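Remarks on the structure that follows.
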Amino acid sequence: MSFSELGLSPKVLAAVEASGYTAPTPIQAAAIPHVLARRDVLGIAQTGTGKTASFTLPMLTRLESGRARARMPRTLILEPTRELAAQVEENFTRYGQNHKLNMALLIGGVSFGDQDAKLTRGVDVLIATPGRLLDHFERGRLLLTGIEILVIDEADRMLDMGFIPDIERICKLIPPARQTLFFSATMPPEIQRLTEQFLRDPERIEVARPNTSSANITQLLVRASDDASEKRDALRRALRSQENFKNAIVFCNRKRDIGVVHKSLEKHGFNVAALHGDMDQRARMAALDRFKTGDVELLVASDVAARGLDIPDVSHVVNYDVPIHAEDYVHRIGRTGRAGKNGVSLTLVAPSDGKNLGAIEQLTGSKIAWQGDALEEDEMAAAGGRRGRARSGRRSEQPAKAERPAKAAKPAVREEKPSEARPKSRRPDKVAEQAAPKSRDTAPAAPYARNGEPAPREANEGRVVGLGDHVPAFLLKPVRLKRA
DNA sequence: AAAAAAG
């Protein structure tokens with residue numbers, strides 16, 4: 001199979017060839033002809049499968065006819081994070097080198113005016129995160145009525161991040177005559193519903209599932225302590241003990257730990273950059289760039305970097321913390337072992353991580369080996385980990401071999417029970433919005449009560465309120481620092 | 001127990 005058989009235009013083929021690619025990946029081979037034929041596509045695939053080029057290449061061919069008008073973009077690509085949006089823009093730049101295309105990247109954290117100026121000039125390709133796109137729309141700076149192709153990428157992650165209402169709204173703003181390309185790594189019921197609502201007779205294309213594509217990643221566990229200082233020490237030893245080490249992304253569960261780990265590694269002589277969502281956008285871009293170019297060998301990051309980021313040559317992924325959600329583990333380690341290369345993932349496991357580790361091993365359907373000394377089950381249990389047995393009832397009563405029949409366990413989790421494993425979005429915003437006013441109605445007596453404690457009302461009793469020496473009760477409450 | 005995205 002070669003790219004030339006797929007129906008792409010000569011300009012696009014020349015750019016692909018110039019990039020050094022000869023054969024399409026399975027999703028590219030399957031999707032490109034349908035996109036060119038103006039069919040809706042439902043692609044079940046994660047990044048790393050060549051998913052991005054499966055829509056950018058045929059879109060470029062399609063865009064060769066026609067021209068953009070001011071404020072009326074011709075195509076729209078929605079991405080869940082700013083970095084992914086920027087990455088898609090790079091992809092269009094690379095393969096669109098022979099085209100005279102106008103592009104705009106509408107993401108938060110950067111100047112509004114530059115984006116607006118581009119919209120005024122007219123754009124062929126609009127790449128956006130939902131929030132900033134709607135911001136432009138609400139200010140009346142953008143018309144979505146001219147969109148010919150709509151791409152919704154990483155839909156399941158949009159769901160995790162609470163973007164589904166935004167996505168629904170945007171879909172309704174675009175005329176139904178459009179072509180829709182919809183990509184998701186998994187198909188939970190909410191996503192399924194969305195595809196039924198917004199896709200017309202889609203061509204369904206499914207490629208290798210995320211947790212089966214990690215054959216070229218060597219996964220290892222590393223014994224660590226719950227003590228932060230000892231854990232950083234374990235991290236340094238793990239990093240220094242690696243053979244064939246080029247660079248690594250070090251994932252932390254919490255943003256505040258990223259700063260600490262970053263400083264600590266720097267102090268011990270490592271070349272490090274940090275990346276998380278509270279950094280300003282320029283610093284985020286700069287950190288990613290320094291890592292990509294090899295200026296730094298370590299990137300200490302939050303899960304903002306876990307999914308989809310395509311950095312071709314990452315030799316190691318280190319989980320400084322065991323991820324709280326098992327599927328994040330699969331995404332994190334997928335940052336290494338890309339483009340046919342081999343990769344290594346190291347996961348530091350402290351006693352309290354036992355429970356999360358169990359969920360990961362259940363999802364991937366295999367036990368992960370320890371590098372060096374193992375952390376024993378009873379050590380994890382003593383720290384409150386490995387509580388999974390209370391739910392499953394299997395662990396203590398049955399022999400180890402029968403515990404986890406790998407072939408049976410995987411489909412059960414991946415296919416049959418996604419809704420039961422996590423029934424609702426992790427950000428049930430609507431529920432919270434509806435619940436809040438009710439609780440106000442039922443508890444009007446203590447307006448400044450927090451966390452169930454009554455406000456110190458005695459401070460105001462028998463006084464004239466609002467004048468002279470009156471001080472509102474909430475100002476008299478001692479300030480509590482956040483540290484637990 | 002977190003993080004992400006509009007300020």
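When reading the values below, keep in mind they use all heavy atoms of this one structure, side chains included, and skip hydrogens, waters and symmetry mates. Quick caveat, the model's predicted, so the values are computed rather than measured. Reminder, nothing fancy here: chain letters follow the sequence lines and each chain counts from 1.
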Check: For Asp280(A), does the CG atom have more than 12 heavy-atom neighbours from other residues, nucleotides or ligands under 6.0 Å away?
Finding: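 More than 12 heavy atoms, drawn from other residues, nucleotides or ligands, come within 6.0 Å of this atom.
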Spacing between [X] atom [atom1] and [N] atom [atom2], to the nearest angstrom:
X: Arg332(A); N: dA2(B); atom1: CZ; atom2: P; answer: 13 Å
X: Asp166(A); N: dG7(B); atom1: CG; atom2: C1'; answer: 14 Å
X: Phe112(A); N: dG7(B); atom1: CZ; atom2: C1'; answer: 11 Å
X: Asn319(A); N: dA3(B); atom1: CG; atom2: P; answer: 15 Å
X: Met158(A); N: dA3(B); atom1: CE; atom2: C1'; answer: 16 Å
X: Ile258(A); N: dA3(B); atom1: CD1; atom2: P; answer: 7 Å
X: His325(A); N: dA4(B); atom1: NE2; atom2: P; answer: 14 Å
X: Arg141(A); N: dA6(B); atom1: CZ; atom2: P; answer: 19 Å

Heavy atoms under 4.0 Å, any strand shown: does [X] hit a base, just sugar-phosphate, or nothing?
X: Arg139(A); value: nothing
X: Asn253(A); value: sugar-phosphate
X: Pro323(A); value: nothing

Next item on the list: Give me the residues of residues 272-282 of chain A where at least one heavy atom lies under 4.0 Å from an atom of DNA chain B, by number, or none.
Entry: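 Heavy-atom cutoff 4.0 Å gives His276(A), Gly277(A).
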Which nucleotide sits closest to the side chain of [X]: [options]?
X: Met161(A); options: dA1(B), dA4(B), dA6(B); answer: dA4(B)
X: Ile324(A); options: dA1(B), dA6(B), dA4(B); answer: dA1(B)
X: Val304(A); options: dA2(B), dA6(B), dA4(B); answer: dA4(B)
X: Arg132(A); options: dA6(B), dA1(B), dA2(B); answer: dA6(B)

Residue-phosphate contact under 4.0 Å: [X] side-chain N/O, [N] OP1/OP2:
X: Lys355(A); N: dA1(B); result: no
X: Arg82(A); N: dA6(B); result: yes
X: Arg307(A); N: dA4(B); result: no
X: Ser302(A); N: dA2(B); result: no

Notebook entry, point to check: Without hydrogens or angle criteria, can the side chains of Glu196(A) and Gln192(A) be said to hold a donor-acceptor pair below 3.5 Å?
Noted result: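 Yes.
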Checklist line | Donor + acceptor pair across side chains of Arg332(A), Asn319(A) (<3.5 Å) | finding: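 The answer is yes; a qualifying pair exists.
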Next item on the list: Would you please classify the geometry between the His136(A) ring and the Phe112(A) ring as parallel, tilted or perpendicular, with 30° and 60° separating the classes?
Entry: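 Answer is parallel, since the angle falls under 30°.
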Next item on the list: Could you list the residues that satisfy ring-ring contact (aromatic ring centres under 6.0 Å, His included) with His316(A), not counting sequence neighbours?
Entry: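 Partners of His316(A) under the ring-ring contact (aromatic ring centres under 6.0 Å, His included) test: Phe245(A).
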Check: Would Lys231(A) and Asp257(A) pass as an ion pair if we require N to O under 4.0 Å?
Finding: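 Not counted as a salt bridge, because no side-chain N and carboxylate O are separated by less than 4.0 Å.
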Check: Can you find a pair of side-chain heavy atoms, one from Arg169(A) and one from Pro165(A), that are under 4.5 Å apart?
Finding: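 A side-chain contact is absent here, since even the closest heavy-atom pair is not under 4.5 Å.
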Notebook entry, point to check: Can you check whether Leu299(A)'s main-chain N or O pairs, donor with acceptor, with Arg290(A)'s side chain at less than 3.5 Å?
Noted result: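 Between the backbone of Leu299(A) and the side chain of Arg290(A) there is no qualifying donor-acceptor contact (under 3.5 Å).
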